[in-house]
Structure formats: structure tokens, C-alpha cells
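Okay, structure first, notes after.
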Amino acid sequence: MYFRKITAFVLSAVTVFFCAFPFENNTYAVSTSASAAILYCADNGEILYEKNPHEKRAIASITKIMTAVIALEYAAVNNKEVKFTSEMSAIGSSMYLKEGEILTLMELTKGMMMVSGNDAANAVAISVGGSKEKFAELMNQKAQQIGMKDTHFVTPSGLDDENHYSTAYDMALLCSYAMDNEQFRNIVSQKSIKVSYVYPENKTQICTNHNRLLSLYDDCIGIKTGFTEKAGRTLTSAAERDGVRLIAVTLNDGNDWNDHSALYDYGFSLVERVQLSTKYKSIDVSVVGSEQNTITVVPYSQAEATVMQNDINKIEEKIYLPRFVYAPVKKGSTVGKIVYTLNGKIISETKLIANSDVQAQTAEKHWYDFLKLRL
């Protein structure tokens, strides 16, 4: 189908706020104590702050984000019951699971993410993958799917191994992916959670989240802490304000709570969720095969996008519509679309739909008109 394209600058009612720190100099506007760090906008992929973002480093227990993602996606199909065995035991942080205890995969994942249980991570890995080694293969496959190009997983828990590493950037990608999972998001946003056992019957365990940022920063909605001697303190977090979601990752950072808070204050001063206005409130499109010559199309919904505040007035809108449509046309059916771009990149779009029904010309009327023309 051939389309005509109408281009115009968006007339936004939003007042542009000029920040004291221009985006081009963002790496100098804030600083962190981390060896590697990133502040990432999950809505549009913008990097708002970075420090050695692609440096491969030990990541400790933030590894369990990937373990939880795989567990929850598996549990959505088969929330199997997991019996804890001796081969699932582990050193370090623990849920203190005992041999013979049984939990569903979902409950096991809840406890793992709250208290960073290495025993729970092993239980997930062995129950889902058959072994920790096979589960690591699943982890690396998922990493490739997400786009984590500088990551390699060996353990489900994050215990130190020279071949187990990731980067601040890759972990931001993982966090963004994980936070799109509603079940994952509901777990990591809670300060404590009740875990229910299948066996012993009626046994429950209250697990408290290690992520203190949930209490220290009002807009924090997750995600996960970590620590080993090799990795140092590692922290991934997410914060949401006025429809904007940001992800912060710091690796080997002794001042991570304060650094994440400062990064978010800085990031939320730079980006904004805006409603995208259009100069085309309605458009008439030619109709073929009907007594009605045109049909009016209107936007289906209000388009929105997260953009740098200094870029709001650079957004362009493009209208895509066919030269004509064939009757019949049903009210509400899609006829075209409005696409919003920034620097050539699509940032949002909305459908253009028919505002009314258009009836097709009847066969009898078509034949009558034909005879009139012949006579």
C-alpha cells in the first residue's frame, strides 16, 4: 500500500526546563565512589551517567537477578515443587533451608531475592536446569537474548569465580528487562515478604529485603544488593517518578546508598515524561466504493515519550495514511498512524482510526449508476 507522509514539528505545551548541567557534560555533573557505574533510562535507553560502563568485573549476588528472571519465566509455565537436597546447600548468605523441605519455585525465588540466599539460588538452578552447570548455560543464553555482550555466568548465586563477570552496562540491561516482569517487580519492591512452604505444612518464613534503598529513597522500586571480597559492594536499583523509570548500577562501591540517591536526583532533573501533541486532530481520507466520498480519522490515544528536557522541542511527528480506503470501513478500525521521532529515532506512535462507519455501495446501486452512465 502506498502512503503519503506529512511531517511537522510537535507543538508541545510543556515548558522546556534548561538544566544547570547540560547533557553533553553529564559525566562531570555527578560522581560516584564506584569502580564502574551507570545511570540508565529504562524508557528510552539513554545513558545519563557512566563510569567504566563496559569494564568486566565480579558482580556478586546481583547475579541472582538473572537466576530469578529464569525461575519466574519457568514458574509461569510450571510452578514446580522443589525438594531441598544436600547438593543444593551453599556457603555465604542463606535462607537456611533444610534437607527435605519443599517450596514451590515461586516461593523459593521470593526468599532468594529478599535475603540473597545462595542455598535458594542453588535450589532454583538444580530444579530448573538439572545442575548448576546446565543452569549457567540457560543464564548465558538469556544474557545473549537481552543483549549482554560482556557477561558470562558460571554460578547461580554470584560466588566468586574468575569466569563469572559482567559490566555495569550489561547489568542495567538485565535490570531493565527484569523490571518489565510484573512478578519480579512485585517481589523486589517489597521491604519484606512471607514465604510459604509446602513441607513442613503451614511453615512460613518472613524474609527481609537487604536493599535499604527502598527505605532511603522515596522513589526506589527495587532491585538487588551484593557483596563478596573480590567484587566489593555491588548494587542495582530502580526508581520511578512521574512516569520515568531509571536504573542505577554500581560495582565495587563503598558508598552505594548515597551514590544511587545522588544519581537519581541528577537523572530525574534531566528527563521528563511528556504528552506528545499533534496539529492533526482529524484528517479526511478518500473512500472508494461508497456513496460517501471521505472518512474522518482521529488519533486512537494520547502518545507519550520519555525524553531529555532539552530535546522536547526537537521532536517531530509524521503522519502515515493510505491515498484512499475501500468501503466498507468499520468505526474504530485502524487506517494509519502517527509516528513521533527524535533525531531520526522512533520514540512513540499511535494509531489513526476511523471515526465512523462507511457503508459499501450496494450492487443494485452500482448497476443503476452504471446504466445511467451508459444512457
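Contact check for T67 versus M139: side-chain heavy atoms found under the 4.5 Å cut-off. Contact check for I47 versus P53: no side-chain heavy atoms found under the 4.5 Å cut-off.
No donor-acceptor contact under 3.5 angstrom links the side chains of K149 and T167, judged on distance only. Inspection of the S61 and S116 side chains reveals an N or O donor paired with an N or O acceptor under 3.5 Å. Side-chain contact, D170 with T151: a donor N or O sits under 3.5 Å from an acceptor N or O. In this model, no donor atom of one side chain and acceptor atom of the other lie less than 3.5 Å apart for T294 and D284.
Formation of a donor-acceptor pair under 3.5 Å by the E101 side chain with backbone atoms of K98 is found in this model. Of the possible donor and acceptor atoms, none in the side chain of D219 sits under 3.5 Å from a partner among the backbone N and O of A239. Within the 3.5 Å criterion, the main-chain N or O of I312 finds no donor-acceptor partner in the side chain of E272.
Closest approach of A327 to G289, counting heavy atoms only: CB-O, 3.5 Å. Here the closest non-hydrogen pair linking S282 and V298 is CB-CG1, 4.0 Å. The two atoms that bring D43 and G243 nearest to each other are OD2-O, 3.6 Å, heavy atoms only. Counting all heavy atoms, side chain and backbone alike, A60 lies closest to T234 at CB-OG1, 3.8 Å. In terms of heavy atoms, L251 sits closest to A168 at CD1-N, 3.7 Å. Residue S86 comes nearest to E99 through the heavy atom pair CB-OE2, 3.6 Å, listed as atom of the first residue, atom of the second, then distance.
Each salt bridge (charged side-chain N to carboxylate O under 4.0 Å, His left out) pair with one or both residues in residues 186-199, not counting sequence neighbours, would appear here, but there are none. Residue pairs meeting the salt bridge (charged side-chain N to carboxylate O under 4.0 Å, His left out) criterion with at least one member in residues 293-310, sequence neighbours excluded, are R273-E304. Annotation: salt bridge (charged side-chain N to carboxylate O under 4.0 Å, His left out) contacts involving residues 56-69, sequence neighbours excluded, comprise E55-R57.
With sequence neighbours excluded, no residue forms a salt bridge (Lys or Arg N to Asp or Glu O under 4.0 Å) with D150. For S94, the side chain to side chain donor-acceptor pair (under 3.5 Å) partners at least two apart in sequence or on another chain are D119. Applying the salt bridge (Lys or Arg N to Asp or Glu O under 4.0 Å) criterion to E73, with sequence neighbours excluded, gives K142.
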Discussion item. Could you walk me through whether I62 and M171 satisfy the side-chain contact (heavy atoms from CB on, under 4.5 Å) test, starting with their C-alpha distance in whole Å, then the side-chain angles of each, then the deciding distance to 0.1 Å, before giving a yes or no?
Written reply: CA-CA 8 Å; I62 59 176; M171 290 306 297; 3.9 Å; yes
Worksheet item: L108 and F84: side-chain contact (heavy atoms from CB on, under 4.5 Å), yes or no, with the steps?
Response: CA-CA 10 Å; L108 194 61; F84 193 77; 5.9 Å; no
Practice prompt. Could you walk me through whether N252 and S35 pass the side chain to side chain donor-acceptor pair (under 3.5 Å) test, one step at a time?
Written response: CA-CA 6 Å; N252 188 27; S35 295; 2.8 Å; yes
Practice prompt. List the steps and the verdict of side-chain contact (heavy atoms from CB on, under 4.5 Å) for C41 and L246.
Written response: CA-CA 5 Å; C41 182; L246 302 181; 3.9 Å; yes
Worksheet item: Please walk me through it: do T155 and K132 pass side-chain contact (heavy atoms from CB on, under 4.5 Å)?
Response: CA-CA 7 Å; T155 76; K132 288 184 284 186; over 6 Å; no
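In the hydrophobic clustering of ILVMFWY residues, with side-chain heavy atoms under 4.5 Å counting as a link, I38 and Y165 come out apart. Hydrophobic clustering of Ile, Leu, Val, Met, Phe, Trp and Tyr side chains at less than 4.5 Å, counting indirect connections, unites I70 with L173. Cluster membership check: L263 shares its hydrophobic cluster with F268, using side-chain heavy-atom separations under 4.5 Å among Ile, Leu, Val, Met, Phe, Trp and Tyr. Hydrophobic clustering (side-chain heavy atoms under 4.5 Å, transitive across Ile, Leu, Val, Met, Phe, Trp, Tyr) keeps F227 apart from V115. A continuous path of hydrophobic side-chain contacts links L352 to Y280 [ILVMFWY only; heavy atoms under 4.5 Å].
Partner N211 forms a side-chain contact (heavy atoms from CB on, under 4.5 Å) with one of V188, T236, T225 and no other, that one being T225. Remark: of the listed residues I221, L213, L214, L213 is the sole one forming a side-chain contact (heavy atoms from CB on, under 4.5 Å) with S237. For the side-chain contact (heavy atoms from CB on, under 4.5 Å) criterion with M66, the lone passing option out of I146, L138, N140, I59 is I146.
In summary, R185 and E182 do not engage in a salt bridge, as defined by a charged side-chain N under 4.0 Å from a carboxylate O.
Atom CG of L270 is separated from atom CG of N310 by 8.0 Å, given to the nearest 0.5 angstrom. Rounding to the nearest 0.5 angstrom, the gap separating the NZ atom in K224 from the CD1 atom in I187 is 12.5 Å.
Side-chain rings of Y264 and Y217 approach one another, their centers coming within less than 6.0 Å.
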